[in-house]
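Here's the structure we're looking at; comments come further down.
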Amino acid sequence: MTDFDVAVVGAGVAGLTAARVAAESGLRVVAFDRLSPGGQLVNLTTVHDYPEPGGSAESWPVVSELVARAEAAGVTMRFDEVTHVRAGEPVRLETGGGDVTAGAVVIATGLGNGRLGLPGEEALVGRGLSTCAGCDGPLYRGKAVAVVGDDEWTAEEALELAELASAVTVLVPELPTWSAARAERLAAADRVAVVTGATVTAVHADGVLEGVTVRTADGERELAVQGVFPYVGRRGPAGLVEAAQTDEEQRLVTEDGVRTAVPTMFVAGDARARAGQTMSEAMADGVAAGQAAVAALRPVTGPSLTIVDPTSGVLPAEEEAGSLAGGTAGWTQVALFSNSKPNATELLQGMGERLKEHWQLADLGFASKPNASTAADKDTIDWLAQCYRMVLVAVGD
Amino acid sequence: MAPLVVTETFLPLVEAQAKARRLTPRVLVVPHPVGGLNGAELAGRIEAAAASLLPMADQARGTA
Ligand SMILES: Cc1cc2nc3c(=O)[nH]c(=O)nc-3n(C[C@H](O)[C@H](O)[C@H](O)COP(=O)(O)OP(=O)(O)OC[C@H]3O[C@@H](n4cnc5c(N)ncnc54)[C@H](O)[C@@H]3O)c2cc1C
């Protein structure tokens, strides 16, 4: 028997969510983090575009809730670095606290800190080089800083620094990818200048940072700054997982969503190649990876129900046809599965509430298709089949 | 057990799919449409559907 059913490497948004979802299905789940839970979120004052695009939330309550829900689901938290993952049956993890075996593994390590890729840079961490405006911004009150990057979060970090620093130069390697709304806010900010097509070619320091050399189409120039905040050069966890396929940013390549070529290994959040690098996407990945891990272990624990997706159809095996119930889930395990058509979820929830009252259930599971016109995700169907005795399904509008 | 909620318009489609997959789902038919209903109308549909669901669920649990 393995030490755990599922091991999650990294307790950021993606890892905490994956761990919770797997634990809620009754599996024994451990989540490792080399620092504290919350990952990148811990460095943010405000989470933008969350819970919906244009919205915002304070980061600490979000972290607290993620941790509380994982713990309530029974996730074991371990604060050790995972140094090596050997996929297989069982999965073997080498950690700072000893070796651990598990039935499945979710890699949710996020990305490393931003770096310029220049000699002498590492020695300047904490001496002028930072990747956290929320943490280190006050150190640069009244000073000039440079921010290097091109995405939404680079723009937000620059705007946060502009409230403290005397001047913020945003150096964009090519062209910005941030939204028009953020471009407007940057243009309206008094102390912010954006330079496109700009590469930092050298850092200058005498114990602490004194400036950087910037190359643009017009040539090279010196920029006197006391702080530089790079959000480029962030790397995934290549090397952590034996024989894993990675992209040019060392993120782990998946075959289909969060699945990898290894049936018991999943990748969630920023560590995944082609991830959108947003909080909402990391959370969605966490749910998908947690469900996929449960589904992957199904032969061990046995399904409780066979669900046939009415849109694309997952044909039941000959002997399963017509026999829908069995397995281990009890009659308190009831879920709703919506096809996402207008009012379908409301209808199901209304009926679910009545059944909940009638059978005095503590809560109901819920899943939905991503939208009305696409087929249901196979992992979601497997997860429902695995964990629930009864699933109320809406198929028509 | 997986009770299937379907509006009457889509019932033939569900029956055809179920037949093709050699399944006999427990079907709960509600009047069409559901999308576009206001809160009060939807509450009416929920009441009617729940009235069929609860005995169906009790029966399944009792005979499980
Ligand atoms: C500056 C900045 C600002 C951002 N602002 C926003 C925003 O406003 N809104 C938004 O939606 N998104 C924002 N994002 C993106 C968002 O933070 C990420 O997409 C999200 O946090 C990714 O979550 P994750 O769980 O994949 O990784 P992370 O949050 O990075 O978590 C990974 C965890 O894994 C741990 N770990 C790594 N390696 C190991 C190992 N070997 N062993 C054990 N533990 C390990 C780390 O310690 C960390 O806790 C921002 C990103 C940055 C860089």
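Each chain gets a letter, A, B and so on, in the order its sequence line appears, and its residues count up from 1. Since this is a predicted model, take the numbers as computed values, not measurements. The figures here come from the full heavy-atom set of this structure, side chains too, leaving out hydrogens, waters and symmetry mates.
To the nearest 0.5 Å, atoms CG (A:N343) and CG (B:L42) are separated by 4.5 Å. Separation of atoms CG (B:L28) and CE (A:M351) is listed at 5.0 Å; rounding is to 0.5 Å. Going from atom OG1 of B:T7 over to atom NZ of A:K341 covers 8.0 Å, rounded to the nearest 0.5 Å. Between atom OG1 of residue A:T332 and atom CZ of residue B:R61 there is a gap of 9.5 Å, rounded to the nearest 0.5 Å. Within the model, atoms CE of B:M56 and CG of A:L355 stand 11.5 Å from one another, a figure rounded to the nearest 0.5 Å.
The greatest number of non-hydrogen atom pairs below 4.5 Å with chain A, out of B:A50, B:A57, B:A49, is found for B:A57.
Applying the 6.0 Å contact sphere to CD of A:Q360 captures no more than 12 heavy atoms from other residues, nucleotides or ligands. Within 6.0 Å of CD on B:E41 lie more than 12 heavy atoms contributed by other residues, nucleotides or ligands. For A:E89, the CD atom sits in a loose shell: 12 or fewer heavy atoms of surrounding residues, nucleotides or ligands are nearer than 6.0 Å.
Interface remark: B:L37 contributes backbone and side-chain atoms alike to the contact with chain A (heavy atom separation under 4.5 Å).
Residues B:I46 and A:L347 form a side-chain contact, since some pair of their non-hydrogen atoms from C-beta on lies under 4.5 Å apart. In this structure the side chain of A:W359 reaches within 4.5 angstrom of the side chain of B:D58, judged on heavy atoms. For the pair B:V34/A:E346, no side-chain contact is recorded, criterion being any heavy-atom separation below 4.5 Å from C-beta on.
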